[in-house]
Number of protein chains: 2
Amino acid sequence: MANIRQIAKEAGVSVTTVSRVLNGHPYVREDKRQAVIAAMDQLQYTPNRNAVHLAKGRTFMVAVMLPFANHPYFSGLVDGIAYEALQHQYRIILCQTDYNISEEERVLQLLRDKLVDGVIICSRQSSWHDIEPYKAYGPVVACEYTDVPSFSSIYMDHYQTMKHALDVLMDYGHQRIGYCLGRPDSYNSDKRLLAYREALQQLGEPFRPEWGFHHCYNVEDGAEVIRTLLQMEERPTALLVAGDQSAAGMMLELRNHSEADIRSFSIIGFDNLPIAKVLGLTTFDLSSYDIGRKAFELFKYQLDHPDDPPEHHELPFRMIHRSSVYRVNA
Amino acid sequence: MANIRQIAKEAGVSVTTVSRVLNGHPYVREDKRQAVIAAMDQLQYTPNRNAVHLAKGRTFMVAVMLPFANHPYFSGLVDGIAYEALQHQYRIILCQTDYNISEEERVLQLLRDKLVDGVIICSRQSSWHDIEPYKAYGPVVACEYTDVPSFSSIYMDHYQTMKHALDVLMDYGHQRIGYCLGRPDSYNSDKRLLAYREALQQLGEPFRPEWGFHHCYNVEDGAEVIRTLLQMEERPTALLVAGDQSAAGMMLELRNHSEADIRSFSIIGFDNLPIAKVLGLTTFDLSSYDIGRKAFELFKYQLDHPDDPPEHHELPFRMIHRSSVYRVNA
DNA sequence: GCTTGCTCTGAAACGCGTTTCATCCTTTAT
DNA sequence: ATAAAGGATGAAACGCGTTTCAGAGCAAGC
């Protein structure tokens, strides 16, 4: 494989000139430029990307930290990041952490070790406190609310969405409300639970831990929740589900039971996945694709304007009313 | 940021020795090793990955070429690749091509330009003929059948799966059969269509282009197909659908219509996604996760044994019988 | 005629870790 | 005692493109 020095020799110019041609620098006489191009053509030269990265101190790559990609929320996020990255000639390194803290740290080390120009955190387990030092090596963007101001972020206020959903359910006369969340100890889950407990207080209802489910991500998780609930004597009349995927699993599992069972649970989902529409699931509109795009933009902006303060975008939420919420007979 | 030469000076040894410590080379006296480690600690040294990559001529990264990631088949594939990559200290660069040929070429160029040690092609538009030259730069693995022997590959025989599904439908008395596929011009679609046309011939049925649908990937695509079919005077009694995602969309859309409509179409899907189970969809078992893992293994093997001939794994198929295929009244 | 200011060019240094090769020092085997 | 075989170590070359800086050539401005 040819290198830049061979091209220089072949074209009868210095390596500097070859480099200039490569980088579209002006100040190269046309005949020399042509000679260089001819030499590159003849020797089938292409620059070694590692050498470019080393010399430039930049790699045009971002690390994308997420627990797993086979979930519509995250794959949408990745899609959005990838789309925007493509526009800016960036590549993404997909780093699945499975919420493993040391794996997450290894992702941040890619930034410190100059393999990537920045990190986009889709979801994480580590504390912001542990992540913060890596900010010194390049932009770190979060796709969730952070109470640490040194990162740019884009997020939804899940205290508010939960509160809104609870208000809607109460309007429909529900008092016995259960919930399904993902990780129990995440920031968003905490906020949702806060709204939940406040609503219970408002209703004068006790907190019943058996009506709360965690680690719900997939269709199958939702189906399992319904099977569990159907075994109970005392059941909630409504369920707030932090993901359409599992909400869909619930609705589908209900349909495997009696007609009465189907209408015995009102369900509100989250994400507005295509399946929500087909199922008539009331949910919140949330385009993880758009969040991904925005996250990349925030990264790029921070990279190009390192001295500007980080930006924080709170996304407005919007509920999509369909037919999965029933009125409770008074 | 410190570099290896500063560490050498600080520890009172040569850079070679530092490099040896870094790479766990023997032939370093214990006291020197300790001195080096102390120096690295003190200066908070970590190696610049780009320099390592340049010097080693290896990057411990693979490019994963796929059209898009927000589809369960592909995200499962990515998950599998990522899992196996992690075991081997490899990173993956996710390259979404949207089936754009020049974008696909750009992915292969990453291999030529030494940014990745290999490429795993999940699905592609380019001809194998155009891809083949890149083999010279490193292992290229395909997650589909290739008629070009120079790549390792792992695939299912979709002529056989389609044939099997058709046989089952015919056993159940179906004669009027439609299909839903993804891209119309892909190798797999061609093979499926071949089996399809042979079955029609066997049945003495004409080929009705209006019963064939393409570009079906998502729930919404499937729902749309059903709406279209319900408008027709003459309808098929069974549908072969090349993905559970769209098959699910069909079943769900049918449920939005009359009870009679639901049973008016027998449906066979593909992939055995979680939703297929909940819906009682008859489908083919196919773990894209396992394919992904195997694909990475094939890549790694080719990398470590460049002179061994490429391997080709044909996966056995297995139909999972559930309740979406009805018997036709004779 | 002379200064100022571009345009154009290349030598050399730089970014940084790895590898080759020569050398010196110990052991172990004979 | 002595040759053969390892162990240990560092200088220098290498992988390869970019950038700095000095300098040459040439045109516009006064």
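Per chain, numbering begins at 1; letters A, B, ... match sequence-line order.
- A search for salt bridge (charged side-chain N to carboxylate O under 4.0 Å, His left out) contacts involving B/R106 returns B/E103, not counting sequence neighbours.
- Secondary-structure annotation of DNA chain C gives the stems C:1-30 with D:1-30, with a stem taken as at least 3 successive Watson-Crick or G-U pairs whose two distances both fall under 3.5 Å.
- The ring-ring contact (aromatic ring centres under 6.0 Å, His included) pairs that include a residue from residues 90-112 of chain B are B/F60-B/Y90, B/Y90-B/F296, B/Y90-B/F299, where partners are two or more places apart or lie in different chains.
- For A/S126, the side-chain hydrogen bond (donor to acceptor under 3.5 Å, both in side chains) criterion is met by A/E104, not counting sequence neighbours.
- For the pair B/Y27 OH and C/dT27 P, the computed distance is 15 Å after rounding to whole Å.
- Side chain of A/N50 to backbone of B/N50: no donor-acceptor contact under 3.5 angstrom is found.
- Evaluation of the side-chain hydrogen bond (donor to acceptor under 3.5 Å, both in side chains) rule for B/H88 yields no partner, not counting sequence neighbours.
- Between the side chain of B/S152 and the main chain of B/E311, a donor-acceptor pair closer than 3.5 Å is present.
- Every residue two or more places apart in sequence or in another chain was checked for a side-chain hydrogen bond (donor to acceptor under 3.5 Å, both in side chains) with B/K135, and none qualifies.
- Judged purely by atom type and a 3.5 angstrom limit, B/S153 has no side-chain atom pairing as donor or acceptor with the backbone of B/C143.
- For B/R58, the salt bridge (charged side-chain N to carboxylate O under 4.0 Å, His left out) partners at least two apart in sequence or on another chain are B/D304.
- On the nucleic acid side, DNA chain D has its first and last nucleotide under 4.0 Å of a heavy atom of chain A at D/dC16 to D/dT20, going 5' to 3'.
- In this structure a side-chain-to-backbone donor-acceptor pair under 3.5 Å is present from B/N3 to B/R5.
- Residues meeting the side-chain hydrogen bond (donor to acceptor under 3.5 Å, both in side chains) test with A/E297, sequence neighbours left out: none.
- Heavy-atom distances under 4.0 Å link DNA chain D to B/V13, B/S14, B/T16, B/T17, B/R20 of residues 9-25 of chain B, given in residue order.
- The ring-ring contact (aromatic ring centres under 6.0 Å, His included) pairs that include a residue from residues 121-147 of chain A are A/W128-A/F151, A/Y145-A/Y155, A/Y145-A/Y187, where partners are two or more places apart or lie in different chains.
- Residues of residues 29-49 of chain B that place a heavy atom closer than 4.0 Å to DNA chain C, in numerical order, are B/Y45, B/P47, B/N48.
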